[in-house]
Amino acid sequence: MTLKPPPAADAPAPRRTVLPILEARSLTKQYRMPGETVDAVRGVTLSVMPGEFVALMGPSGSGKSTLLQLLGGLDQPTAGEVLLEGEPIGRLSDSDATRLRRERTGFVFQSFNLVPLMNVVENVGLPFTISGQDPRSPELAGRIREAIALVDLTGKERHKPDQLSAGEQQRVAVARAIVTRPALLFADEPTGNLDFRTGLDILGALWRTCVERGQTIVLVTHDAKAAAYADRVFVVGDGQIQDEIVLGRREDHAAAPLITRLALLGL
Ligand SMILES: Nc1ncnc2c1ncn2[C@@H]1O[C@H](COP(=O)(O)OP(=O)(O)OP(=O)(O)O)[C@@H](O)[C@H]1O
Ligand SMILES: [Mg+2]
């Protein structure tokens with residue numbers, strides 16, 4: 001057996017290049033309707049690194065949801081491409097794209113979309129049930145418990161959606177989206193239907209998944225107070241990324257620094 005010689009003291013440290021988990025290249029989306037074409041997304045290029053929390057922030061109609069749908073593979077671009085973990089998702093077959101989406105991504109929307117007849121544990125375990133796994137197996141039951149704890153709903157496991165507040169229901173939706181440990185979590189205005197205080201609970205839950213589990217998050221919001229939770233904010237306007245504001249990771253989520261930066265940019 002030959003032993004590899006130890007690296008020379010002055011040898012450069014092995015380079016570990018971290019690749020973006022998500023990339024958009026010149027993404028364009030046109031909605032064609034009789035007598036009208038809407039340019040909803042107009043040449044967006046961006047990348048997201050593993051573990052990052054980014055926000056797409058912009059006014060109503062600016063193309064945020066369309067962009068999120070393209071990034072999450074829920075819709076096809078008119079031109080350009082999306083790469084998930086380096087793989088162009090547009091070139092996958094429908095079944096491979098569906099599998100990739102199911103295994104690698106999670107979604108939270110403004111409406112919680114919980115199953116009314118199912119309790120918290122059953123709702124959170126739904127992704128396992130759908131993929132033919134037994135959510136009561138010790139391993140998956142443990143993961144469900146962990147996701148419920150992360151969104152601070154321990155003790156409410158047997159509650160059905162109509163026995164929960166709106167904010168608690170949305171936290172169930174967050175737990176359901178992260179229980180499969182997706183590489184990427186997409187959230188479109190997850191606090192949109194909630195009052196300010198309750199909205200903060202949801203953002204806090206998203207933030208904890210990011211800090212405690214290294215969850216990568218793409219959050220769509222029109223609200224600077226929500227975007228202030230992100231490490232980086234893409235300012236969306238008229239279907240384009242108008243600016244990028246790096247906030248860095250902070251324990252303090254005060255919106256003032258972001259609002260100041262936006263004002264300096266004239267936004
Ligand atoms: N299915 C569709 N068919 C035609 N036009 C659409 C469709 N979906 C969105 N649009 C248009 O595309 C543009 C961008 O819409 P989008 O929903 O992405 O905006 P948004 O930034 O998410 O807005 P909001 O904050 O109100 O949710 C708008 O002009 C909208 O009217
Ligand atoms: Mg929207």
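Along the sequence shown, residues carry numbers from 1. Just so you know, ligand 1 is whichever comes first in the structure, and atom 1 is the first atom listed for that ligand.
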Under 4.0 Å from atom 21 (O) of ligand 1, is there at least one protein heavy atom? yes
Review point. Less than 3.5 Å between some nitrogen or oxygen of A40 and one of ligand 1, yes or no?
Key: no
task: Output yes when K225 and D223 qualify as a salt bridge under the 4.0 Å nitrogen-oxygen rule, no when they do not.
output: yes
- Query: Just wondering, do Q169 and H159 contact through their side chains at under 4.5 Å, heavy atoms?
  - Reply: no
With heavy atoms and a 4.0 Å threshold, my read on which part of H222 contacts ligand 1 is neither
- Query: Do any of the N/O/S atoms of S65, backbone or side chain, fall under 2.8 Å from the Mg ion (ligand 2)?
  - Reply: yes
Review point. When you check the gap from the basic side-chain N to the acidic O, do R213 and E146 get nearer than 4.0 Å?
Key: yes
* Asked: Of all the heavy atoms in S62, does at least one lie under 4.0 Å from an atom in ligand 1?
  -> yes
Note: T66, heavy atoms under 4.0 Å from ligand 1, region reported as both
| Does D195 CG have over 12 foreign heavy atoms under 6.0 Å away? | yes
Check this for me: does any side-chain nitrogen of one of R145 and E157 sit under 4.0 Å from a carboxylate oxygen of the other?
no
From the list V121, V124, V172, V174, side chain to side chain contact (heavy atoms under 4.5 Å, CB included) with L153 holds only for V172
re atom 17 (O) of ligand 1, the protein heavy-atom contact at minimum distance is S65 CB, 3.9 Å
closest protein heavy atom to atom 9 (C) of ligand 1 is Y31 CE1, 3.4 Å
If we number the atoms of ligand 1 from 1 as shown, the ones under 4.0 Å from a heavy atom of V38 are 11 (C), 12 (O), 29 (O)
- Got a salt bridge between R261 and E244, using NZ or NE/NH1/NH2 to carboxylate O under 4.0 Å? no
Would you say ligand 1 has an N or O under 3.5 Å from any N or O of G63?
yes
Atom 26 (O) of ligand 1 sits nearest the protein heavy atom S60 OG, 2.6 Å
Residue, atom and distance of the protein heavy atom nearest atom 25 (O) of ligand 1 read K64 NZ, 2.7 Å
Residue, atom and distance of the protein heavy atom nearest atom 28 (C) of ligand 1 read G61 O, 3.8 Å
Atoms of ligand 1 under 4.0 Å from any heavy atom of P59, numbered from 1 in the order shown, are 21 (O)
Can you find a pair of side-chain heavy atoms, one from M49 and one from T216, that are under 4.5 Å apart?
no
Test item: protein heavy atom less than 4.0 Å from atom 2 (C) of ligand 1
yes
Any chance CZ of R250 has more than 12 other-residue heavy atoms, nucleotides or ligands included, within less than 6.0 Å? yes
query: Quick one: do R42 and D39 make a salt bridge, cutoff under 4.0 Å?
result: no
